[in-house]
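No experiment lies behind these values; they were computed from the predicted model shown. Below, all heavy atoms of this structure are taken into account, side chains as well, without hydrogens, waters or symmetry copies. Residue numbers begin at 1 in each chain, while the letters A, B, ... track the order of the sequences.
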Protein chains: 2
Amino acid sequence: MKARNGTEPTTGTTDSGNPARVDSSTIYSRIFDAIVDHKLPPGTHLKEDELCDLFGVGRTRVRSALSRLAADHVIELVANRGAFVASPSVEEAREVFRARRVIEGHLIRRAAERRNPPMQQALTEHLHGEHTAREAGDTAQVIRRCSRYHQLLADQADSPIMAGFIRELIARSSLIVAIYEKSKPDKCEIDEHRLLSDLVLAGRADEAAALMDRHLQGIEDRLDLKRESGTINALSQSLGFN
Amino acid sequence: MKARNGTEPTTGTTDSGNPARVDSSTIYSRIFDAIVDHKLPPGTHLKEDELCDLFGVGRTRVRSALSRLAADHVIELVANRGAFVASPSVEEAREVFRARRVIEGHLIRRAAERRNPPMQQALTEHLHGEHTAREAGDTAQVIRRCSRYHQLLADQADSPIMAGFIRELIARSSLIVAIYEKSKPDKCEIDEHRLLSDLVLAGRADEAAALMDRHLQGIEDRLDLKRESGTINALSQSLGFN
DNA sequence: CTAACAATCATCGTATACAATATTTGTCCG
DNA sequence: CGGACAAATATTGTATACGATGATTGTTAG
């Protein structure tokens, strides 16, 4: 199973102090991150038994984690058939980006109004890491840094409920990009994280919100959302029918 | 247990065709509705065994439903202690209403842009039912109708993901009102559902969004959000310490 | 009477075994 | 060879039993 790549269990201590077992939150986070980082492609079957073997735990913890992942819409639970990494439709894709523009637009304004030295440090460090990963050609780390930048920014708005919504929307965006991306980000888009941070840290809320809107629109415009269904078309492309 | 009131199980068929059992979705919906309708107050302990007896099912289904309710933040699962109807803090309360103003503001605009005869019928019928319940002094039905009006409106915007966020926010609002409400809605607030519908059905998106903002602010202003913690103060009030 | 401790009980967490359902494989027939 | 059907296998769903944890009650000492 592909899930073996990059999701090896560790034997760190769990919250409950048991050194041999990972708890369901860890399982959840591992799978969530693997999905957001494009390590588990849309449609991947997540079999309970394999996850149990992989994490060295019983089914209860695995099922609890899978249930939470389903609540976040990053996997789909199909009765009697199992858990699959979600494959968002074109309609979902459009709404996810619209929802992000609405909510992230609001949150970035609040962040700009609340700028402070710890925020500056957090954003600056993150961008430095992003830049370093790009220079190093570390694709996996670039993907990680880019997707987490938006979450970091949302977390600066003192709005944990909406930051939670954004968390879900970012994960779904990641799946959407995996399915529908037809071109890589250009230089302008790559620079936009820095520009966004500059505007936020300068307290220019209106401009930050407007740039966020354009930034998200730009990501959406890179997607081929005219296709009826991503996974079916990916299959027919693989088989040479296009 | 208070949950007995109004949550008697029925023996309707489940999706799996087994006539004797209710499935976890039904359990989820029953409890969710009871919470939104103020039949299960904040802090209520939802014991697995009692729910199993009540619905005539095993623990697996009950736990699945409780897990989903926790994902919606309408209950809190406390390790080794059980499930309790959530008791939102003052900070949560403020954010919930802010989030509703952001998201419902967006959705009502879309609804106004999309008005059509089925929408008109749905909104009109709902308001009629709300009016009828008020005339009849049917408090429970009034509460039901009022909280479901916002969901109905959100569902007109062809935005299922955000309608899902609103669903959660409405449920949390209901809990917040149960804890923090210091005065009943006045006549102006009561009329606002009709005014909102009129504006939506007239396609006046900007005015509808502005009224929705004021409407939600009005609900928030009726709450006593200066209290540190609703449940502790409710207890000290009950014991005559205030 | 109050506080501390122990015992008991209630409730949740989880492992194991079995049931139910879907998928895959094998066999047979036209 | 392809299609239909049956059997075997894989995987999820659930019941039951036991373990773990927290809450409540009872007892004792100061």
Side-chain angles (χ1 to χ4, degrees), chain A residues 1-4 7 9 11 13-28 31 40 43-71 74-87 231 235, chain B residues 1-4 9 11 13-28 31 40 43-71 74-87 231-232 235:
Chain A
M1 185 176 105
K2 296 183 195 173
R4 292 195 197 277
T7 54
T11 50
T13 56
T14 63
D15 288 349
S16 63
N18 185 334
R21 298 281 188 86
V22 293
D23 64 9
S24 68
S25 288
T26 305
I27 298 167
Y28 166 87
I31 298 174
L40 287 178
T44 307
H45 189 178
L46 305 173
K47 299 182 184 182
E48 292 186 0
D49 274 5
E50 292 188 356
L51 294 171
C52 293
D53 290 343
L54 196 56
F55 290 106
V57 297
R59 289 172 67 198
T60 311
R61 296 186 190 197
V62 163
R63 296 169 71 84
S64 175
L66 291 177
S67 181
R68 281 182 62 198
L69 289 161
V74 293
I75 68 169
E76 293 166 354
L77 294 180
V78 183
N80 295 313
R81 292 180 52 206
F84 301 83
V85 177
S87 304
T231 52
L235 185 63
Chain B
M1 183 178 104
K2 297 184 193 173
R4 291 192 200 274
T11 49
T13 57
T14 63
D15 288 347
S16 61
N18 183 334
R21 298 281 187 88
V22 293
D23 64 10
S24 67
S25 287
T26 304
I27 298 167
Y28 165 88
I31 298 174
L40 288 178
T44 305
H45 190 178
L46 305 174
K47 300 182 183 182
E48 292 185 0
D49 275 3
E50 292 188 356
L51 293 172
C52 292
D53 291 343
L54 197 54
F55 289 106
V57 298
R59 289 173 67 197
T60 311
R61 296 185 191 197
V62 164
R63 294 171 71 86
S64 176
L66 290 177
S67 181
R68 282 181 62 198
L69 289 161
V74 293
I75 67 169
E76 295 167 355
L77 293 181
V78 184
N80 294 314
R81 293 180 52 205
F84 301 84
V85 177
S87 304
T231 54
I232 293 184
L235 186 62

Partner residues of [X] under the side-chain contact (heavy atoms from CB on, under 4.5 Å) criterion, sequence neighbours left out:
{"X": "B/S64", "result": "B/S24"}
{"X": "A/A83", "result": "A/L46, A/L66, A/I75, A/L77"}
{"X": "B/S25", "result": "B/D23, B/R68"}

Quiz item: Could you state the interatomic distance from CZ (A/F84) to NZ (A/K47), rounded to the nearest 0.5 Å?
Solution: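 With rounding to 0.5 Å, CZ (A/F84) is 9.0 Å from NZ (A/K47).
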Practice problem: Start with the C-alpha distance between A/I27 and A/L51, add both sets of side-chain angles, then the distance that settles side chain to side chain contact (heavy atoms under 4.5 Å, CB included), and finish with yes or no. | Solution: CA-CA 9 Å; A/I27 298 167; A/L51 294 171; 5.8 Å; no
Quiz prompt | side-chain N/O B/R63 vs C/dG13 OP1/OP2, d < 4.0 Å | solution =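 Yes, within the criterion.
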Quiz item: For C/dT14, does OP1 or OP2 lie under 4.0 Å from any side-chain N or O of A/R61?
Solution: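 True: A/R61 side-chain N/O within range (under 4.0 Å) of C/dT14 OP1/OP2.
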Quiz prompt | All side-chain hydrogen bond (donor to acceptor under 3.5 Å, both in side chains) counterparts of A/R59, not counting sequence neighbours | solution =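 Partners of A/R59 under the side-chain hydrogen bond (donor to acceptor under 3.5 Å, both in side chains) test: A/E48.
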Quiz item: In terms of the nearest nucleotide of DNA chain C, which residue is placed more toward the 5' end: A/A79 or B/V78?
Solution: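 Nearest-nucleotide comparison on DNA chain C picks B/V78.
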Value in whole Å for how far the [atom2] atom of [N] lies from [atom1] of [X]:
{"X": "B/R59", "N": "C/dG13", "atom1": "CZ", "atom2": "C1'", "value": "7 Å"}
{"X": "A/F84", "N": "C/dA22", "atom1": "CZ", "atom2": "C1'", "value": "10 Å"}
{"X": "B/L77", "N": "C/dT14", "atom1": "CG", "atom2": "P", "value": "12 Å"}

Protein N or O to nucleotides 6-11 of chain D N or O, pairs below 3.5 Å:
unit_1 : atom_1 : unit_2 : atom_2 : d
D/dT11 : OP1    : A/K47  : NZ     : 2.3

